[in-house]
There are 2 protein chains.
Amino acid sequence: MSAKARRRTTAQLDRAAQVCAQQGAQLTDLRRHVFSLILEAGAPLTAYQLLDRLKLTHKGAAPPTIYRALDFLLEQHLIHKIERLNAFIPCVEAGHRHPAQFLICCQCGVVSEIENRAATNALEHAAEKEGFRPRNTVVEIEGVCAACFRPS
Amino acid sequence: MSAKARRRTTAQLDRAAQVCAQQGAQLTDLRRHVFSLILEAGAPLTAYQLLDRLKLTHKGAAPPTIYRALDFLLEQHLIHKIERLNAFIPCVEAGHRHPAQFLICCQCGVVSEIENRAATNALEHAAEKEGFRPRNTVVEIEGVCAACFRPS
DNA sequence: AGTCGATATGATATAATATTACATTATGGG
DNA sequence: CCCATAATGTAATATTATATCATATCGACT
């Protein structure tokens, strides 16, 4: 990990701590550590992959350790769960709820988050047309990303 | 189950058998049975719920029994998997691939399938804008359905 | 400082979901 | 009939997630 990347991660962690504090929640060392693992991964990690990494420095970590941290981070809108992969990625716009869509590249495994207004509206209207009140919408588009499709 | 509903189910099973035959696949008794369980459920069923029901008449059924049947039915586009629920529902338009969106009512548990052209297009364009080639798109909207929101 | 309540973590067990691997049985084409 | 293929049987195990109860940490209040 480059020095630059580490500075970025630190900045994100600090920002996350602020966001939590505003909600009356605290980003403890443990939660901060789990969040940093997710930030540094560059690709989605499953709960047990995170657990393995956490164990390296945090002897005695067990499944509830990681699932509790993940629940917290999800509640604080610091991470997202990708349902198709049972895996977790950082939220690009940390700390507040926002509609998002995920692009999952089946070649390189990278998942990118987008926030497309037109798509969000279209889904909203589609639900409304059925008299349905949406609370939480999952959009996960599997395919091939630009980098993999036209390799440089 | 009413006689009317049973006739409907039978018709769907027969139609499914045709669809499979056209693909050079066969809807065996086992697969047909699993499909009928899904058709008759009225709500999404998980693999193990299906397994329990299958065991009633099919002694010796095991996890692979059900997962194989589910894989087959998914391939034939006879059912959908709802990722959020790890559960399965019949496809409303059996037998061919089509973009769909699912409305999951968190009050009554019913999942309904819609096929909204505008939403499909909007997602397509959102992906395209990123240079992303979509292969398979999951849209699952959780919320409250019309019936639950305004109970009659 | 002491203690109470709330929050967070530790530790063990187990539930729920899904797959691997290999054996056996049907089925249709030659 | 014989073979190849597809389908199913069977046992074991991997992966994902939760329940439960004990212990520790921390701030508010006295």
Side-chain angles (χ1 to χ4, degrees), chain A residues 16-17 20-35 37-38 41 44-76 78-89 109 138 140, chain B residues 16-17 20-38 41 43-76 78-89 109 138 140:
Chain A
C20 291
Q22 279 168 19
Q23 303 298 316
Q26 48 178 333
L27 191 67
T28 61
D29 283 351
L30 182 59
R31 290 164 176 171
R32 188 181 175 97
H33 189 166
V34 173
F35 188 34
L37 291 172
I38 296 171
L45 292 179
T46 69
Y48 278 73
Q49 286 171 333
L50 285 164
L51 180 54
D52 287 343
R53 297 182 189 201
L54 184 60
K55 276 177 177 168
L56 297 177
T57 57
H58 188 95
K59 181 174 140 25
T65 313
I66 210 76
Y67 280 104
R68 283 168 185 155
L70 290 170
D71 284 347
F72 176 87
L73 296 170
L74 286 168
E75 267 169 22
Q76 298 298 316
L78 295 172
I79 63 172
H80 297 287
K81 178 173 187 181
I82 306 301
E83 298 290 336
R84 288 293 290 265
L85 306 176
N86 296 317
F88 301 85
I89 62 173
V138 171
E140 296 177 1
Chain B
C20 291
Q22 279 168 20
Q23 302 298 314
Q26 50 178 332
L27 190 68
T28 61
D29 283 351
L30 182 58
R31 291 163 174 170
R32 189 182 173 95
H33 189 166
V34 172
F35 188 34
S36 77
L37 291 172
I38 294 171
L45 292 179
T46 69
Y48 278 72
Q49 285 171 335
L50 284 164
L51 179 54
D52 287 344
R53 297 183 188 200
L54 183 61
K55 276 177 176 168
L56 297 177
T57 56
H58 188 96
K59 180 174 142 23
T65 314
I66 211 75
Y67 281 103
R68 283 169 185 152
L70 290 170
D71 285 347
F72 176 86
L73 297 170
L74 286 169
E75 266 167 22
Q76 298 299 316
L78 295 172
I79 63 173
H80 297 287
K81 178 173 186 181
I82 306 300
E83 297 290 337
R84 287 292 290 268
L85 306 175
N86 296 316
F88 302 84
I89 61 173
V138 171
E140 296 177 1

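Just so it is clear, the values below take in all heavy atoms, side chains as well, and ignore hydrogens, waters and symmetry mates. Residue numbers begin at 1 in each chain, while the letters A, B, ... track the order of the sequences.
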Quick check: on DNA chain D, is the nucleotide nearest B/Ala61 upstream (toward 5') of the one nearest A/Lys81, or the reverse? Name the residue that is more 5'. B/Ala61

Does C/dA18 have OP1 or OP2 under 4.0 Å away from a side-chain N or O of B/Asn86? yes

Shortest non-hydrogen separation from B/Gln76 to B/Gln23 and the atoms involved: OE1-CG, 3.5 Å

Would you say B/His58 places a side-chain N or O within less than 4.0 Å of OP1 or OP2 belonging to D/dG9? yes

When B/Ala62 and B/Ala25 are each assigned the nearest nucleotide of DNA chain D, the 5'-most assignment goes to B/Ala25

Looking at B/Leu73, is its backbone amide N or carbonyl O close enough to the side chain of B/Arg31 to form a donor-acceptor pair, meaning the two atoms are under 3.5 Å apart? no

Taking D/dA17, C/dA21, C/dT9 as options, the one with an atom nearest any side-chain atom of A/Thr28 is C/dT9

When you get a sec, tell me which of C/dA11, C/dT19, D/dA7 is the closest nucleotide to the side chain of B/Gln26? D/dA7

If you measure from SG on A/Cys20 to CG on A/Leu78, what distance do you get to the nearest 0.5 Å? 5.0 Å

Is there a side-chain polar atom (N or O) of B/Thr46 under 4.0 Å from OP1 or OP2 of C/dA16? no

Check each residue of residues 49-57 of chain A for a non-hydrogen atom within less than 4.0 Å of any atom in DNA chain C, then write out the ones that pass by number, or none. none

For A/Arg31, which contact category applies under a 4.0 Å heavy-atom criterion: base, sugar-phosphate, or nothing? sugar-phosphate

Can B/Tyr48 be called stacked on C/dT17 when the rule is centres closer than 5.5 Å and an angle between planes below 30°? yes

Using atom CG of A/Asp71 as one end and atom C1' of C/dT9 as the other, report the distance to the nearest whole Å. 14 Å

